[in-house]
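One structure is given here, and the rest of the page talks about it.
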Amino acid sequence: MRLFDTLTRTERELRPCDGTTFRFYCCGPTVYGPAHIGNFRTFVLQDVFRRTLETGGLRTLHVRNITDVDDKTIRDSQQAGQSLTDFTAGWSAKFHADCERLCCLPPHLEPAAVAHIPQQIAMVETLVAKGHAYAAGDGSVYFKIASFPGYGRLSRLDERELDLGKTQNARANSDEYEKDSVSDFVLWKARRPEDGANFWPSPWGDGRPGWHLECSAMIREYLGASFDLHSGGVDLVFPHHENEIAQSQCAGGGHFAAHWFHITHLLVDGGKMSKSLGNLHTLDDLTARGFSPMEVRYVLIGAHYRKPLNFTLDSLTGAREALSKLAKSARQLAARIDGEPRFDAVDFGPFQAAWNSLQHDLNTPGALGGIFTGLREAATLTGEAAAKALAALNRLLRALGLTLPEEIPTAELAVPVDIQALADERWQFRLAKNWAKSDELRAALAARGWLVKDGKEDYTLTPAEA
Ligand code: AMP
Ligand code: ZN
């Protein structure tokens, strides 16, 4: 499989560095409320990524953390009158339930920050001992970015600094640039009164880890100094991932992540999602409107991960139609095989282009388009060829994590099995341009009270009296 790498700005072939298992890390959720569909764009695409590797025959080790201590979790647990542990346990459980509804595979390991305080302290100690970090007067410890010449490579800081200079001259609003400011960042935060009971002892006094540190410490624990791929939403490139690289490489050598996979943000109605704009959607909001989690998943994989995805409610209606069309064609294909689907290890038959799309920079919209084209091609297949095509289709659907709706619209449900079979048979004659046979079966269907209306890619059946 080939994938674009944020660090080198090139598409590269993915290979496990240990020769057997592809080991990768995804920055996980901050558990202080329900995850929104923007978060789920990232998590679902990471899931398709893993499923594609596995469908291609690779073993994977998927590690994703839970951020259960930071400013937001501490603030909101106090507002809720709960301990940090109880508060974050509740939101972690909610996250897992949403992931399951969206058919995301659980990661193989899911370490949480609070359970890894000793590993984080040990990493800070190493950084201080090696001269990459220093304690400030208040008991906080900072990473000295001047001590790491590689700082800024991932996010192309040198280029951005030039840009920043230009813009700053043109505009006076310095607030805009605060998040981009390049400065020493905190590894260990000294205890403050507003932290309440949430502090831990350390060689620098009571405090808690800075947010960037947890991923570096848990990666070291579970993946070592060198591993295959690191992933997150594009907002994490700077400063989070830049800081992770600095901490990890300075603390312990190794190449850290061999590949960087970043997912572009989801927008709602063309703009940013936010609580104050009232356009922040969660999975519960969307299911309360009558949409299924699978329809949400379909929308989330409907755009390429390197392009923004503009989410609208209309796109969910479109997903519903696409899924039921897919289900119908898959059932028609299944009806034409004798026995079980038969997997052909060599090729994906009519679905080869769809599979190639996934293999080439995880092109999910290309794969979905390829599935529809493949289904049209497969409409002429019968017997063994149809059995192989159905197996290939099933593998692709598994790679995308799609399950097809079992329910179909009532008008279709009312079609008796033998009528459906007759109509399918007629469609095959029509595709083969055997007009005489096709007309004969149309008449036979009419005689039994069913009208056929042919579309470009499909047909519909309606009761004659309707
Ligand atoms: P958080 O819970 O805020 O730490 O975010 C969890 C994941 O969601 C991270 O990988 C973020 O980069 C990602 N993320 C946050 N907002 C969006 C968005 N609007 N679209 C896509 N991914 C996002
Ligand atoms: Zn992280």
Side-chain angles (χ1 to χ4, degrees), residues 6 24-49 62-73 76 88 91-92 94-96 98-99 102 104 107 109-113 116 120 123 154-155 179 185 187 209-223 227 229-248 256-257 260-275 277 279-283 296-297 299-311 364:
T6 315
F24 69 105
Y25 184 90
C26 303
C27 292
T30 309
V31 282
Y32 69 108
H36 55 63
I37 50 161
N39 301 134
F40 281 122
R41 177 184 201 198
T42 289
F43 296 128
V44 164
L45 262 303
Q46 289 163 342
D47 182 64
V48 176
F49 167 72
H62 176 193
V63 185
R64 185 179 65 206
N65 70 304
I66 295 268
T67 296
D68 57 358
V69 55
D70 78 329
D71 293 340
K72 290 175 288 203
T73 44
D76 290 3
T88 56
W91 287 117
S92 293
K94 174 64 182 151
F95 175 68
H96 291 143
D98 283 355
C99 283
L102 284 166
C104 290
L109 295 172
E110 199 173 36
H116 295 79
Q120 298 185 65
M123 187 169 263
L154 181 72
S155 59
K179 67 176 163 38
F185 59 90
L187 296 166
W211 171 52
H212 307 299
L213 186 60
E214 65 180 64
C215 293
S216 282
M218 293 190 277
I219 285 171
R220 181 142 199 89
E221 178 88 1
Y222 298 103
L223 295 170
F227 60 105
L229 177 140
H230 197 320
S231 175
V234 76
D235 57 308
L236 300 186
V237 174
F238 183 88
H240 184 56
H241 287 161
E242 201 72 79
N243 293 354
E244 279 190 39
I245 294 174
Q247 293 159 163
S248 294
F256 199 52
W260 289 90
F261 168 38
H262 287 108
I263 293 106
T264 305
H265 268 198
L266 171 146
L267 304 172
V268 171
D269 296 323
K272 227 182 134 155
M273 232 184 343
S274 84
K275 261 189 194 154
L277 290 172
N279 65 359
L280 195 143
H281 296 294
T282 63
L283 189 56
V296 176
R297 183 170 175 116
V299 169
L300 295 179
I301 64 173
H304 191 267
Y305 77 90
R306 281 208 276 146
K307 301 211 171 99
L309 164 61
N310 184 29
F311 181 87
T364 48

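Counting starts at 1 for both ligands and their atoms, in listed order. Small disclaimer: the values here were computed from a predicted structure and weren't measured.
R41 forms no cation-pi arrangement with F311, by the criterion of a distance under 6.0 Å to the ring centre and an angle within 45° of the ring axis.
If you check which protein heavy atom lies closest to atom 14 (N) of ligand 1, you get N39 ND2, 3.6 Å. Annotation: atom 21 (C) of ligand 1 to nearest protein heavy atom, G38 O, 2.9 Å. In terms of protein heavy-atom proximity, atom 19 (N) of ligand 1 is closest to L266 O, 3.3 Å. For atom 10 (O) of ligand 1, the closest heavy atom belonging to the protein is G233 N, 3.0 Å. Atom 22 (N) of ligand 1 has as its closest protein heavy atom T42 OG1, 2.7 Å. Counting only heavy atoms of the protein, atom 17 (C) of ligand 1 lies nearest to H265 NE2, 3.3 Å.
Going from atom CG of L266 over to atom CG of L309 covers 4.5 Å, rounded to the nearest 0.5 Å.
Taking the six-membered ring wherever Trp is involved, the centroid distance between the rings of F24 and F49 falls below 6.0 Å. Between F95 and F43, the distance separating the two ring centers is shorter than 6.0 angstrom. Ring centroid separation for the pair Y25 and Y222 does not come in under the 6.0 Å cut-off.
Using cut-offs of 30° and 60° for the angle between ring planes, the H230 and W260 rings count as parallel.
Numbered from 1 in the order shown, with element, the atoms of ligand 1 that lie under 4.0 Å from a heavy atom of P29 read 2 (O). The ligand atoms of ligand 1 that sit less than 4.0 angstrom from a heavy atom of G28 are 4 (O), 6 (C). With ligand atoms numbered from 1 in the order given, ligand 1 contributes 9 (C), 10 (O), 12 (O) to contacts under 4.0 Å with heavy atoms of L236. The distance from ligand 1 to the heavy atoms of F43 drops below 4.0 Å at these ligand atoms: 6 (C), 7 (C). Atoms of ligand 1 found under 4.0 Å from any heavy atom of G232, numbered from 1 in the order shown, are 10 (O).
T264 contributes a side-chain N or O that, together with a main-chain N or O of R306, makes up a donor-acceptor pair within less than 3.5 Å. The main-chain N or O of E244 is found under 3.5 Å from a side-chain atom of S216 such that the two form a donor-acceptor pair.
In this structure, Y32 places its OH atom where only 12 or fewer heavy-atom neighbours from other residues, nucleotides or ligands lie under 6.0 Å away.
Counting heavy atoms under 4.0 Å from ligand 1, residue D235 touches it through the side chain alone. The proximity of T30 to ligand 1, defined as any non-hydrogen pair under 4.0 Å, involves the side chain as well as the backbone.
The closest approach between any non-hydrogen atom of T67 and ligand 1 is not below 4.0 Å. Taking 4.0 Å as the cut-off, H36 counts as a neighbour of ligand 1 on heavy-atom distance.
A 4.5 Å side-chain heavy-atom check between H62 and C26 finds at least one atom pair inside the cut-off. Between P34 and L283 the shortest side-chain heavy-atom distance does not fall below 4.5 Å.
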Review point. Do D47 and R297 pass the side-chain contact (heavy atoms from CB on, under 4.5 Å) test, and can you show the C-alpha distance, the side-chain angles, and the key distance before you say yes or no?
Key: CA-CA 11 Å; D47 182 64; R297 183 170 175 116; 2.8 Å; yes
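Listed by chain and residue number, the protein N/O/S atoms under 2.8 Å of the Zn ion (ligand 2) are C27 SG, C215 SG, H240 NE2, E244 OE2, with waters left out.
For H212, the ring-ring contact (aromatic ring centres under 6.0 Å, His included) criterion is met by F185, H240, not counting sequence neighbours.
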